[in-house]
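Residue numbers count from 1 along this sequence.
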Amino acid sequence: MTLYYALVFALLVFEMLVFCLLVLPLPQSWRRSLVVFINTSPLVAKLHYSIRITFIFILVLFIDSVNRVFKVQDYAQEQRESGLETVMREAHRSDVSARKFYAQRNMYLTGFTLFLSLILNRTFALLTEMIRLQDLVKSSKTAKTDSVKVKAYEEEISELRAKLKRRDDDFDELADKYKQETSTAEAKKAK
């Protein structure tokens with residue numbers, strides 16, 4: 001395997017590890033901190049930019065490997081049609097088969113790397129959206145709880161106001177009785 005296909009394979013393994021990390025059932029706080037780190041880290045942003053450039057080169061390698069597969073298949077088909085297959089020696093046939101194998105291997109390697117990059121982008125977008133929605137649900141539950149608390153407080157305030165009004169009425173009634181009693185008592189003293 002040539003150096004650039006070895007690098008493509010290393011990138012494929014790295015993508016598989018990142019994908020496994022993203023879909024691993026982690027606690028919510030760990031997942032949130034992981035997503036926040038990936039979204040906010042300047043180092044990850046630079047790495048993401050360089051990987052996108054690398055994917056352009058991998059796309060070129062994929063197109064080249066597809067062309068190579070077609071060339072090898074066309075060559076094998078020409079050899080079969082010309083009738084030289086029976087004359088062809090075993091070494092030549094194995095050479096054509098090996099070239100076909102390597103071309104197909106390279107095509108699948110680059111194709112899976114590109115496909116997994118698309119899956120990773122979508123998975124990360126879904127994780128980010130999921131965390132945003134979970135935060136929204138959490139805040140709406142808090143708001144709902146707060147509104148329930150506000151209703152309870154309002155009911156308690158209205159009950160306390162009613163009690164206060166009753167006490168004021170009782171106080172006014174007692175004050176009126178006191179005035180009557182004191183005025184009656186003063187009237188009796190004055191006689």
Side-chain angles (χ1 to χ4, degrees), residues 1-140:
M1 187 181 313
T2 57
L3 178 64
Y4 46 89
Y5 284 116
L7 292 174
V8 169
F9 180 72
L11 183 62
L12 179 64
V13 170
F14 175 73
E15 284 180 336
M16 288 189 291
L17 291 174
V18 169
F19 181 75
C20 288
L21 181 68
L22 287 177
V23 298
L24 196 67
L26 296 172
Q28 190 61 32
S29 59
W30 292 8
R31 184 180 307 274
R32 177 175 283 108
S33 62
L34 176 70
V35 169
V36 167
F37 173 74
I38 291 173
N39 276 334
T40 59
S41 173
L43 178 67
V44 174
K46 289 177 185 177
L47 181 68
H48 188 68
Y49 179 73
S50 62
I51 286 177
R52 283 192 182 235
I53 291 172
T54 306
F55 283 130
I56 293 170
F57 292 116
I58 292 174
L59 179 65
V60 170
L61 287 173
F62 177 71
I63 293 169
D64 180 56
S65 63
V66 168
N67 285 337
R68 196 166 299 199
V69 166
F70 285 133
K71 283 181 186 176
V72 169
Q73 285 178 348
D74 288 343
Y75 178 74
Q77 185 67 26
E78 285 175 9
Q79 294 299 322
R80 272 191 231 114
E81 288 175 358
S82 68
L84 295 177
E85 186 174 297
T86 57
V87 178
M88 215 187 293
R89 295 220 148 88
E90 188 66 32
H92 186 64
R93 273 191 286 183
S94 63
D95 179 52
V96 171
S97 296
R99 286 186 5 209
K100 188 176 181 181
F101 168 77
Y102 292 140
Q104 288 175 348
R105 178 202 61 191
N106 295 339
M107 179 182 69
Y108 287 121
L109 179 66
T110 55
F112 285 141
T113 304
L114 291 172
F115 183 68
L116 189 56
S117 71
L118 295 174
I119 291 174
L120 273 176
N121 283 335
R122 186 63 186 146
T123 303
F124 187 73
L126 288 174
L127 276 177
T128 305
E129 182 70 15
M130 180 184 75
I131 287 174
R132 186 188 66 80
L133 290 175
Q134 285 176 345
D135 289 343
L136 183 65
V137 166
K138 194 176 195 180
S139 67
S140 69

Can you check side-chain contact (heavy atoms from CB on, under 4.5 Å) on L61 and F57, steps first, answer last?
CA-CA 6 Å; L61 287 173; F57 292 116; 5.6 Å; no
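Considering only heavy atoms from C-beta on, L21 comes within 4.5 Å of L34 through its side chain. When side chains are defined from C-beta on, I51 counts as touching F55, because their heavy atoms get closer than 4.5 Å. The side-chain heavy atoms of Q104 and Q73, taken from C-beta on, include a pair separated by under 4.5 Å.
Between atom OG1 of residue T113 and atom CE of residue M16 there is a gap of 8.5 Å, rounded to the nearest 0.5 Å. Atom CG of L22 sits about 7.0 Å away from atom CZ of F124, to the nearest 0.5 Å. The CG atom of L116 sits 10.0 Å away from atom CG of N121, with the distance rounded to the nearest 0.5 Å. Distance check: H48 NE2 to N39 CG gives 10.0 Å after rounding to the nearest 0.5 Å. How far CG of N106 is from CZ of F101: 9.0 Å, rounded to the nearest 0.5 Å. Atom-to-atom distance recorded for E129:CD and R122:CZ is 8.5 Å, nearest 0.5 angstrom.
Within 6.0 Å of atom CZ in F9, 12 or fewer heavy atoms from other residues, nucleotides or ligands are found, so the atom counts as exposed in its surroundings.
The closest donor-acceptor contact from the side chain of T110 to the backbone of M107 lies under 3.5 Å.
Shown here are the side-chain hydrogen bond (donor to acceptor under 3.5 Å, both in side chains) partners of D64, two or more places apart in sequence or in another chain: R68. With sequence neighbours excluded, the residues forming a side-chain hydrogen bond (donor to acceptor under 3.5 Å, both in side chains) with D135 are R32, listed by chain and number. Taking the side-chain hydrogen bond (donor to acceptor under 3.5 Å, both in side chains) definition, one finds that Q77 meets it with R80, E81, sequence neighbours left out.
Minimum interatomic distance between V137 and S140 (heavy atoms only, all atoms of both residues): O-OG, 2.8 Å. Between Y5 and S65, the shortest heavy-atom distance links the atoms OH-CB, 4.1 Å. Taking all atoms of both residues into account, the shortest heavy-atom contact from R31 to I131 is O-CD1, 3.9 Å.
For the side chain to side chain contact (heavy atoms under 4.5 Å, CB included) test with F14, the passing option among L12, L17, V18 is V18; the others fail.
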